[in-house]
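Just so we're on the same page: letters track the sequence lines, and every chain starts at 1. Side chains are part of it too, since the values below use all heavy atoms of this structure and drop only hydrogens, waters and symmetry mates.
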Amino acid sequence: MRLATWNVNSIRSRIDRVTGWLERADVDVLAMQETKCTEAQFPAMPFAALGYEVVHYGTNQWNGVAIASRVGLDDVQLGFDGQPVFNDVAEARAIGATCGGVRVWSLYVPNGRTIEDPHYAYKLEWLAALRNTASSWLSADPSAPIALVGDWNIAPTDEDVWDVEVFRGSTHVTEPERAAFGAIVDAGFADVVRPFTPGPGVYTYWDYTQLRFPKRQGMRIDFILGSPGLADRVTHGEIARDERKPGKKGTPAPSDHAPIFVDLS
DNA sequence: ATGCCGTACCGTGTACGA
């Protein structure tokens, strides 16, 4: 089974690129983030035409997460238990479903904006709540195959940004964020792509500005974290960097994130 | 100091992103 995740930065703008890659890469399950649309606006038909079921959680033009699967899509949950709210609003940042026997969570971790911003405290609170809830899933069934996948908005080590000096004092690289990410790893969820994509200089995101992509100046902030029951089954991992490349003239821009995926035995 | 690009929204601008 091939399991992928991709921050698509608007599914309506990216639908042809997404379905094109699903076909070319022979993906079975794709978790998406930043769909940036409501349920009514989500383009479900192109997925159905390729044989994928799809579930989406989107409330407005911000955030939005989805899972497409051609190996089943059951027990869908919108948001995780204990997921914090921001300004009293429950944001569409998490959706879970069981696909081909794997419990998949598509996650869009809050950005944080700046370290003084209330969004930063929200980010840390959100990650702590996720750790607690995900930990309870493993306690209930230590051998369960669980995949926590998506845009984590954290570069876990200095090697995961193109120039650490550029990010000094910014979100994504602070010690509390790295500790929050590490706590989830310590709870039993391992980065299952990294062993197949060693650094340095290996990224999943490149800013649209300043020719960051051709200059290979990016960040590694998208991850597939697997429980022991999932990690034991990973036979391959990859970053589909080509999907970050511009299309032909007149075609829509790429997302600023590349998809990443693993193969499971 | 800068949102340089891209996407969304009742919008000719503002919010958001990392």
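What separates CG of Asp207(A) from P of dC4(B) is a distance of 10 Å, to the nearest Å.
The residue among Asp151(A) and Asn9(A) whose nearest nucleotide of DNA chain B lies closer to the 5′ end is Asn9(A).
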Trace of the ring-ring contact (aromatic ring centres under 6.0 Å, His included) decision for Trp206(A) with Trp162(A):
CA-CA 10 Å; Trp206(A) 299 262; Trp162(A) 63 274; over 10 Å; no
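Comparing the P positions of dG17(B) and dC4(B) gives an interatomic distance of 16 Å, to the nearest angstrom. Taking the C1' atoms as reference points, dA1(B) lies 27 Å from dG11(B), given to the whole Å. Separating the P atom of dC5(B) from that of dC10(B) is a span of 26 Å, rounded to the nearest Å. With both ends at atom P, the span from dT2(B) to dT12(B) equals 24 Å, rounded to whole Å.
Tyr205(A) comes within 4.0 angstrom of sugar-phosphate atoms only, judged by non-hydrogen atoms across all strands, and of no base. No engagement by Arg212(A) is indicated, since no non-hydrogen atom pair under 4.0 Å with the nucleic acid exists. Residue Gln41(A) is classed as a sugar-phosphate contact, given heavy-atom separations below 4.0 Å to backbone atoms only.
Remark: Arg113(A) is not in phosphate contact with dA18(B), judged by side-chain N or O atoms under 4.0 Å from OP1 or OP2. Side-chain nitrogen and oxygen atoms of Arg14(A) include at least one within less than 4.0 Å of the OP1 or OP2 phosphate oxygen of dT7(B). Put simply, Ser13(A) has a side-chain N or O that comes within less than 4.0 Å of OP1 or OP2 on dA8(B). Between His257(A) and the phosphate of dA18(B), there is a side-chain N or O to OP1/OP2 separation shorter than 4.0 Å. Neither OP1 nor OP2 of dC16(B) sits under 4.0 Å from any side-chain N or O of Tyr108(A).
Side-chain to base pairing of Asn111(A) with dA18(B): one donor and one acceptor N or O lie within less than 3.5 Å of each other.
Shown are Val234(A), Asp191(A), Ile260(A); of these, the side chain to side chain contact (heavy atoms under 4.5 Å, CB included) with Ile224(A) is made only by Ile260(A).
Taking the six-membered ring for Trp, Phe223(A) and Phe181(A) have ring centres closer than 6.0 Å.
Under the side-chain hydrogen bond (donor to acceptor under 3.5 Å, both in side chains) criterion, Thr209(A) pairs with Asp207(A), not counting sequence neighbours.
Defined by atom type and a distance below 3.5 Å, a donor-acceptor pair is missing between the side-chain atoms of Glu159(A) and Thr157(A).
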